[in-house]
**Student:** 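One structure, as structure tokens, below. Some questions next.
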Amino acid sequence: MGIKDIYYNKKNSTEEKISRVVENIKKVYLMDNRPWIVGYSGGKDSTTVVHLIFKALETIPVDKLSKKIYIISSDTMVETPLVKNLIDSNLSNIFLTAQKRHLPIETFKVKPEIEQTFWVNIIGRGYPTPNQTFRWCTDRMKIDPADKFIENIVDKSGEVIMLLGVRKGESNSRDKVIENHSIEESLLMRHTSLPNAFVFSPILEFNIDDIWTLLLNEKEQCPWGNDYSILYSLYNDSSSTECPLVVDKNIKESAGSCGNSRFGCWVCTVVSEDKALSGFIRTGTTWLSELLEYRNWLTEIRDDRTKRLKARTNGQYYFMNVPFKNEKIVIPKKSKRDKVEIGLDGIDNLGNKWEIFNKKSEAIEYIKNSSLKLNSSEDPRVIVKDYEGYSILGLGPFTFETRAEILLKLLQTQQNIFEKYNIEVELISKEEILEIAKLWIESGERIEPIVDAYETTLNKPFDYIFEEVSMLDNESLNLLERTCIENGVNFNEFLKLIELENENINLLQRKSITKQISNILNQDITNI
Ligand code: SF4
């Protein structure tokens, strides 16, 4: 019997499928001592997997529950705020319920290294915002942190089994990956890039109706006490799709960008039109319109030639071919960038003059001899016409000026949300701002624009950032966040209280502190 026969029989009723999946989970759990890592995205499919794991574990005698189950969730640090809160609350309740029932389940969040976050790559290194052809974000923000977690467990245990909420029939490419990595006669598949990791997808044969029949069935209460109707409401909008925890570079493409899902990053520029934030705004969370406005601006500036360097970070130039139509050299329209048409006399439709050369080396010589600064918004406006056709200078990273503008607008957005809605959000962490400053210094750039952006919007001296950051290192912060999640405490609120204590540590009279504590506790501090 092959994997197809084990799983895929559409004639089966949901109830039959559930009991078979519970049996399979039990069988694989008892099969060996390899720990499990469960990818939990907060979406319906991974929720179903965790639900069924609880169900299966309840049927196993306590003395046989020795194998560890790690439930991990990815936090890109630019998660859609409401979904992040939902995931935190679920992780916390999953952990607490498991503790009460003596189940060997632990919950973890995996985050990108500070050097690889969205803002550090964009503002620190000048990476253009990700799009369909240059989607640098998934590896750095999701796959690498998850792989690091898996490798750590592999180091300790030799091998691991990953449990994913993948279903057959979701997409042809996903089905192909599943087929290619299935181990005949087994419920496990090989992980496509980590040799000591295996994948178990218990709900392969579930269809969408099975999922909701299970989750919305009155007899099937959420084992950790959350309300599945909240989850269901996230899918009410037909445009909402899944954003699975991506742990495998080879299924990255089939997993899609998540930008059209309510479960992706709020700042996702991979999709042309945001659906995550607009869905929430439509259903009443109006303050998110500030984020949407910012995200749209960020998408618009991506291909603006004035916002990008005309050389790579290492100073190298490259040329990109452009079409020649109706006797005009055409720089095509891209996102909000308008089409530019240049005549053979070198004059474009805006009246600008372009220099035309017959060889790339001549164009480069011209750039070197002119006083043009390629590390600015200046465009040397050179065209090469050689045997490959017409080409212009390709675009490099965002200019430092633009990066400072991106930071300034981001902090302004954060401040606007506070002033207009009394909601405290941290759109970029202090650690990220310091890392950005470090990268600028390493590139020989002055950091005044970063300092100005910080001081003018947040109204406090930039120096404070060092005191606030140095209180806790990354590892301690992660541990603290995990402890907060496990105990149902708001992490950001907790950090604020520590900051307050730190600021007032030498005060003899501490009466005024109680008012500040109550302000913090009554504020709407939203985790982003
Ligand atoms: S949701 Fe968008 S920005 Fe976030 S990792 Fe996926 S593709 Fe990148």
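The first residue of the sequence shown is numbered 1, and numbering continues consecutively from there. The figures here come from the full heavy-atom set of this structure, side chains too, leaving out hydrogens, waters and symmetry mates. As the structure lists them, so they are numbered: ligands from 1, and atoms in each ligand from 1.
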**Student:** Under the rule for side chain to side chain contact (heavy atoms under 4.5 Å, CB included), what residues qualify as partners of D452, not counting sequence neighbours?
**Tutor:** none
**Student:** List ligand 1 atoms under 4.0 Å from C137, heavy atoms only on the residue side.
**Tutor:**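 Listed by number with element, the hits are 3 (S), 5 (S), 7 (S), 8 (Fe).
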**Student:** Tell me whether V270 reaches ligand 1 (any heavy atom closer than 4.0 angstrom to a ligand atom).
**Tutor:** yes
**Student:** At their closest point, which heavy atom of Y421 faces which heavy atom of S289, and how far apart are they?
**Tutor:**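 Nearest heavy atoms, Y421 then S289: OH-OG, 4.1 Å.
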**Student:** Of all residues at least two apart in sequence or in a different chain, which pass the side chain to side chain donor-acceptor pair (under 3.5 Å) check with Q414?
**Tutor:** none
**Student:** Short list, please: which atoms of ligand 1 are under 4.0 Å from a heavy atom of R135?
**Tutor:**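 Reading through ligand 1 atom by atom, the close ones are 7 (S).
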**Student:** Quick check: does C265 put an N/O/S atom under 2.8 Å from atom 4 (Fe) of ligand 1?
**Tutor:**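 It does: C265 brings an N, O or S atom closer than 2.8 Å to atom 4 (Fe) of ligand 1.
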**Student:** So does K148 pair up with E113, basic N to acidic O under 4.0 Å?
**Tutor:**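 A salt bridge links K148 with E113.
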**Student:** Do Y235 and W212 pass the ring pair (Phe, Tyr, Trp, His ring centres under 6.0 Å) test, and can you show the C-alpha distance, the side-chain angles, and the key distance before you say yes or no?
**Tutor:** CA-CA 11 Å; Y235 289 90; W212 291 122; 5.4 Å; yes
**Student:** Under 2.8 Å from atom 2 (Fe) of ligand 1 - does any N, O or S atom of C268 fall there?
**Tutor:**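 Given the 2.8 Å cut-off, C268 counts as a ligand of atom 2 (Fe) of ligand 1.
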